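Comments concern the structure below.
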Amino acid sequence: MTHRIRTRFLVIGSGVAGLHAAWRASVHGPVTVLTKRTLFDSATAYAQGGIAAALGAGDSPDLHRQDTLAAGAALCDAEAVQVLVEEGPARVRELQAAGARFDLDPNGEFQLGKEAAHSRHRIVHAQGDQTGAEVARTLVAKVRESPNIQVVEMARVLDLLLLEDEDGVQCAGVRASIAGRAVEIVADATVLATGGCGQIFRYTTNPQVATGDGFAIAHRAGARLADMEFVQFHPTALDTPENPLALISEAVRGEGAILLNGRGQRFMPKRHRLAELAPRDIVAREIFREQQQYGTVFLDATKLGAEFATRFPGILAICRARGIDPVHEPVPVTPAAHYMMGGVVTDLAGRSSIARLYAVGEVARTGVHGANRLASNSLLEGLVFAERVARDMVETPTDLAVPDPTSWEVPSLDDRGAAQVAADEIRELMWTYASIARTAPGLRRCLSALQQIGERLPPGATEERNLHTTATLVTEAALMRKESRGGHFRSDFPKTRRKWQGRHITW
């Protein structure tokens, strides 16, 4: 018989959103956290830039709101943005009180940085460029010290456990593979905090676990998704033959680093009034254009001199480990898939369209990012909406009428080689036809090839099937939106079109 675990709250994922939700909910009942690898395997630990919040003199939630709405290209949910900017400062201070060691000035105030498209210095950092790792460390410590939280690592969620009655469909937990064993985790409230999908592209800054599982699982269950065409490509990943690519934080440009093409010429001042600090989608496209014309593009931060080592110790170590010295030479960079703005549609409490199912963090489409995420709003969104999820789900009734477990087995993957080949083909296709510059013929070619790949996926290729489903959703949405807006650029429709303003592609 299938093994069954009963818990009050189930959280799937161990990034900032999942850990924060688990920590805060554990005050009110037992929490089970499932993570595909370990507690530290998430995009959170990779985040260098910081957390955006109106904490400094001369700043305000209203100014932060204006910047967020401007970056979102008329697709943000204004109410969600208001929640983000108003509640953000308190969440950052709470995290500091929980033990996060943020960078402070001599007066003990936050030492705030400035990043692209922000009108004020409002970026909170930790050890310069180690903000995500510090956030992860703090929240992992809180989760581990809570007697009410059970962490299950190396757990692969297969599908949601759904119940249907006269009131409709509701989520009762998940079916999962834990150490190869078929397990059902039954929960009064289930939280998807599974992160993004950068691994559907050949070049990405996302960790290898970011295979779009949450989007695919929610889609199969019939949850509403939206805005899947809006993928943010970070302009400056370190251009090396790796997966994932190391990130060269936007903060480096914020401190004055400039972009040079293969001829050693600076090109951004002629392309945008904010030059290197223009919105990410613009910088990424201009780098892509220069690569096609002149080859390698470089980020030159040499004017920072010895200060680079103090300000960006993590990036310095990353570069030097690869034989590059950013203190004395320009660094080769390339755009790479970085963040998904779309996802599982939620309300302001994190509720999805399926009862008892929540989504939070990158897998969710709260509406705060619109068509293009403002730099350093992602960790903030994770904190703010995870708090709201935790507060809301404590009200979830405990009256689940779950039938007895049925016997089922975890599908066995007998042909790992075929599954890996399929995954690599998907990544190559998506980078070629559905990444920074898209066209209708290319997207149709991509969809046709994806269909063929899907038909030959071997049984048991669960992660690869999720990769395939999410890639298909992104491509279909990109084909449907016949305009360019935010992170979505169609070279056959290069302008933003009024008739698409405020329109969302949903499933």
Side-chain angles (χ1 to χ4, degrees), residues 63-82 84-85 115-119 201 225-235 250 259 267-290 292 335-343 345 365-375 377-378 381 430 433-444 446-447 473-507:
L63 288 172
H64 190 184
R65 179 184 65 84
Q66 292 175 31
D67 292 344
T68 300
L69 290 172
L75 270 190
C76 292
D77 181 302
E79 195 175 356
V81 173
Q82 195 68 33
L84 180 80
V85 299
E115 291 183 357
H118 286 273
S119 60
F201 296 97
L225 277 74
D227 297 344
M228 293 296 288
E229 68 270 36
F230 294 114
V231 180
Q232 187 174 81
F233 293 86
H234 198 288
E250 198 137 27
L259 289 163
F267 54 89
M268 280 308 302
K270 293 182 180 179
R271 309 290 171 77
H272 195 278
R273 62 181 180 83
L274 296 176
E276 279 79 9
L277 294 182
R280 285 179 172 179
D281 61 302
I282 293 172
V283 180
R285 281 199 298 276
E286 295 304 332
I287 293 174
F288 190 62
R289 180 189 297 181
E290 294 296 320
Q292 291 177 313
H338 186 59
Y339 192 86
M340 166 56 78
M341 273 78 74
V345 176
R365 201 281 281 169
T366 60
V368 298
H369 304 307
N372 199 26
R373 175 177 67 86
L374 184 66
N377 268 358
S378 55
E381 181 197 23
M430 293 298 290
Y433 299 115
S435 60
I436 295 170
R438 302 160 170 173
T439 65
L443 292 167
R444 291 193 189 99
C446 188
L447 282 174
L473 290 171
V474 170
T475 308
E476 287 178 347
L479 182 60
M480 292 170 68
R481 182 170 286 276
K482 296 177 174 63
E483 67 158 354
S484 293
R485 184 181 298 271
H488 167 69
F489 181 75
R490 287 279 297 266
S491 56
D492 48 355
F493 292 98
K495 302 292 184 182
T496 299
R497 304 174 76 184
R498 185 182 297 274
K499 74 174 187 176
W500 280 97
Q501 184 169 320
R503 288 176 61 184
H504 299 274
I505 294 170
T506 62
W507 283 267

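Because the structure is a prediction, the values reported are computed rather than measured.
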Any side-chain heavy-atom pair from [X] and [Y] closer than 4.5 angstrom?
X	Y	answer
E476	I505	no
R481	F493	no
V85	R65	yes

| How about Y339 and H369: are their ring centres within less than 6.0 Å of each other? |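 Aromatic pair counts; centres sit under 6.0 Å.
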| F201 ring center within less than 6.0 Å of F233 ring center |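 Centroid distance F233-F201: below 6.0 Å, so yes.
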| request: Quick one: list whatever passes ring pair (Phe, Tyr, Trp, His ring centres under 6.0 Å) with H118, sequence neighbours left out. | output: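 Counting only residues at least two positions away or on another chain, H118 forms no ring pair (Phe, Tyr, Trp, His ring centres under 6.0 Å).
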If you compare all heavy atoms of [X] against all heavy atoms of [Y], which two are closest, and at what distance to 0.1 Å?
X	Y	value
G367	A80	C-CB, 4.3 Å
V345	A226	CG2-CB, 3.5 Å
S484	F489	OG-CD1, 3.4 Å
A74	Q501	CB-CG, 3.7 Å
P335	A284	CG-O, 3.5 Å
M268	L259	CG-CD1, 3.8 Å

Hey, what do you get for [atom1] ([X]) to [atom2] ([Y]), rounding to the nearest 0.5 Å?
X	Y	atom1	atom2	answer
L443	D492	CG	CG	8.0 Å
L447	Y433	CG	OH	12.0 Å
R438	M430	CZ	CE	7.0 Å
R485	W500	CZ	CH2	9.5 Å
H488	D281	NE2	CG	11.5 Å
E229	L473	CD	CG	11.0 Å

| query | Passes side chain to side chain donor-acceptor pair (under 3.5 Å), Q232 versus N372? Steps please. | reply | CA-CA 7 Å; Q232 187 174 81; N372 199 26; 3.1 Å; yes
| task | Assess the side chains of S119 and Q66: does a donor N or O sit below 3.5 Å from an acceptor N or O? | result |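 Absent: no donor and acceptor within the cut-off.
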| request: Please report the C-alpha distance between W507 and M228 in whole Å, then the side-chain angles of each, then the deciding distance to 0.1 Å, and finally whether the side chain to side chain contact (heavy atoms under 4.5 Å, CB included) criterion is met. | output: CA-CA 10 Å; W507 283 267; M228 293 296 288; 3.9 Å; yes
| query | Judged by atom type as modelled, is there a donor-acceptor pair below 3.5 Å linking the side chain of T506 to the main-chain atoms of L225? | reply |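 Side chain of T506 to backbone of L225, a donor-acceptor pair under 3.5 Å: no, none is there.
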| message | Working note: H272 + V283, criterion side chain to side chain contact (heavy atoms under 4.5 Å, CB included); need CA distance, chi angles, decisive distance, verdict. | response | CA-CA 9 Å; H272 195 278; V283 180; over 6 Å; no
| query | Checking side chain to side chain contact (heavy atoms under 4.5 Å, CB included) for the pair N377/V368: CA distance, chi angles, key distance, verdict? | reply | CA-CA 9 Å; N377 268 358; V368 298; over 6 Å; no
| request: Taking only Lys NZ, Arg NE, NH1 and NH2, and the carboxylate oxygens of Asp or Glu, determine whether R271 and E290 approach each other closer than 4.0 Å. | output: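 Salt bridge present between R271 and E290.
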| task | Give every residue pair that meets the salt bridge (charged side-chain N to carboxylate O under 4.0 Å, His left out) criterion with at least one member in residues 67-79, sequence neighbours excluded. | result |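 Applying salt bridge (charged side-chain N to carboxylate O under 4.0 Å, His left out) to every pair that reaches into residues 67-79, excluding sequence neighbours, yields D67-R122.
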